[in-house]
Amino acid sequence: MAAAGSDSGGRACFVLGASGETGRALLRELLSRQLFARVTLVGRRRLSLGEEAAAAAQAVVDFERLSEHAAAFRGHDVGFCCLGTTRAKAGADGFVRVDRDYVAQAAELARAGGCKHFVLQSSQGANQDSCFLYLRVKGEVENLVQSVGFDRCTILRPAVLLCKRQESRPAEWMAQQFLGAVARVFPTAYSVPVETVARAMVASVLQPGKGKVEVLENAAIHELGKAVPQEGT
């Protein structure tokens, strides 16, 4: 898939959560920039994303039996994780299972399969000691992923994601309209477009790391996602 002149260097990456809004934006960014010779989408079902998915390989896995799908994670240099659900959609137990357990298990398989750099989309306010389930789970999964022992681990903590979501969430739509207006006054404080998050995830791979673990808060995501530099610059 790498075009002439691109510098994929034979590298490979996988994407967890490519069906979500950030994952879709990330996939578009990866394929348009042709940074990897192979992009694999790992998910519970094959995705019908038109041209977006046509240029990417797909590995269908059973997250409840993820240890049986180690091959899906083998041979990738970089892993991008946008996997997640909501408590409203999956219930409290389902949310914990997807956002913490599935992600942590996937990270372990990725590391065992040779992945050097894991890029995780978390959330602003993530804290394992939080009294709020969402923020507590995000904090817990951050710690679990860090403990896996990747050569590099980049954690992004975006604020409210601005996007045109496919599924209907009226309350979220109203919040996004309000935050979209606020963002014109305070552009990096309370929200961030999913496209900016996707560009920041890619940029984190292109730039030298600032330590083995790097945590990018919302303002840093905005800065890094402004314009992704060419590799090697």
Side-chain angles (χ1 to χ4, degrees), residues 12-27 30 39-47 49 53 56-128 130 132-150 152-158 161 165-167 169 194 197-198 201 204 213 215:
C13 74
F14 69 82
V15 179
L16 278 167
S19 62
E21 298 300 329
T22 305
R24 288 170 63 90
L26 174 61
L27 179 58
L30 289 170
V39 176
T40 302
L41 312 182
V42 181
R44 60 184 176 83
R45 58 182 173 82
R46 292 190 63 84
L47 303 180
L49 299 178
Q58 297 200 46
V60 177
V61 301
D62 180 353
F63 282 100
E64 293 296 326
R65 306 171 68 176
L66 201 56
S67 62
E68 299 178 7
H69 300 278
F73 298 92
R74 195 172 298 134
H76 298 92
D77 304 280
V78 179
F80 295 97
C81 183
C82 308
L83 187 64
T85 185
T86 64
R87 183 172 182 172
K89 186 174 182 179
D93 291 342
F95 166 69
V96 173
R97 190 162 63 250
V98 173
D99 283 55
R100 185 190 66 192
D101 300 343
Y102 290 174
V103 173
Q105 292 170 21
E108 291 175 354
L109 291 173
R111 180 68 184 91
C115 180
K116 305 297 184 183
H117 187 181
F118 196 82
V119 184
L120 173 67
Q121 177 189 350
S122 181
S123 172
Q124 185 179 63
N127 186 334
Q128 66 174 353
S130 175
F132 297 102
L133 177 66
Y134 181 82
L135 299 180
R136 183 172 70 251
V137 168
K138 291 299 185 181
E140 289 172 349
V141 76
E142 286 186 5
N143 291 339
L144 289 169
V145 168
Q146 290 181 53
S147 70
V148 170
F150 291 101
R152 283 186 64 190
C153 179
T154 303
I155 297 171
L156 292 85
R157 292 178 175 172
L161 298 171
R165 193 178 293 277
Q166 289 185 320
E167 59 183 293
R169 297 182 183 177
V194 293
V197 177
M201 295 180 83
S204 73
V213 177
V215 178

More than 12 heavy atoms from other groups under 6.0 Å of CG on D62:
yes
How about R136: does its CZ atom have over 12 heavy atoms from other parts shown lying under 6.0 Å from it?
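Yes.
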Pairwise side-chain contact, [X] with [Y], heavy-atom cut-off 4.5 Å (strictly under):
| X | Y | answer |
| --- | --- | --- |
| F73 | L66 | yes |
| L83 | V42 | no |
| L161 | E21 | no |

Do L27 and V39 pass the side-chain contact (heavy atoms from CB on, under 4.5 Å) test, and can you show the C-alpha distance, the side-chain angles, and the key distance before you say yes or no?
CA-CA 9 Å; L27 179 58; V39 176; 4.2 Å; yes
To check you understand the geometry: which heavy-atom pair defines the closest contact between [X] and [Y], and what is its length?
| X | Y | answer |
| --- | --- | --- |
| L135 | Q124 | CD2-O, 3.4 Å |
| L156 | V197 | CD2-O, 4.1 Å |
| A198 | A25 | CB-C, 3.7 Å |
| S122 | P158 | O-CD, 3.6 Å |
| G139 | A126 | N-CB, 3.8 Å |
| R87 | A92 | NE-CB, 3.7 Å |

Rounded to the nearest 0.5 Å, what separation is found between the [atom1] atom of [X] and the [atom2] atom of [Y]?
| X | Y | atom1 | atom2 | result |
| --- | --- | --- | --- | --- |
| I155 | K138 | CD1 | NZ | 11.5 Å |
| R44 | L16 | CZ | CG | 13.0 Å |
| N127 | N143 | CG | CG | 9.0 Å |
| S123 | R157 | OG | CZ | 9.0 Å |
| R45 | S19 | CZ | OG | 5.5 Å |
| C153 | E142 | SG | CD | 8.5 Å |

Does D77 use its side chain to pair, donor to acceptor, with the backbone of A12 at less than 3.5 Å?
yes
Per-pair distances, 0.1 Å, donor-acceptor, side chain in residues 100-107, under 3.5 Å, sequence neighbours excluded:
{"from": "R100", "atom 1": "NH1", "to": "E140", "atom 2": "OE1", "distance (Å)": "3.0"}
{"from": "Y102", "atom 1": "OH", "to": "E64", "atom 2": "OE2", "distance (Å)": "2.2"}
{"from": "Y102", "atom 1": "OH", "to": "R97", "atom 2": "NE", "distance (Å)": "3.4"}

Under the side chain to side chain donor-acceptor pair (under 3.5 Å) test, which residues partner T154, sequence neighbours left out?
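Per chain and number, T154 pairs via side chain to side chain donor-acceptor pair (under 3.5 Å) with H117.
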Residues in side chain to side chain donor-acceptor pair (under 3.5 Å) contact with H69, at least two apart in sequence or another chain
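With sequence neighbours excluded, H69 shows a side chain to side chain donor-acceptor pair (under 3.5 Å) to no residue whatsoever.
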Pairs involving residues 108-119, ordered by first then second residue, that meet salt bridge (charged side-chain N to carboxylate O under 4.0 Å, His left out) (sequence neighbours left out):
none
In chain order, what residues pass the salt bridge (Lys or Arg N to Asp or Glu O under 4.0 Å) check against R65, with sequence neighbours excluded?
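Partners of R65 by the salt bridge (Lys or Arg N to Asp or Glu O under 4.0 Å) criterion, ordered by chain and then number, come out as E68.
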ring-ring contact (aromatic ring centres under 6.0 Å, His included) with F118: which residues, sequence neighbours excluded?
F150
Classify the ring geometry of F95 against Y134: parallel below 30°, tilted from 30° to 60°, perpendicular beyond 60°.
parallel
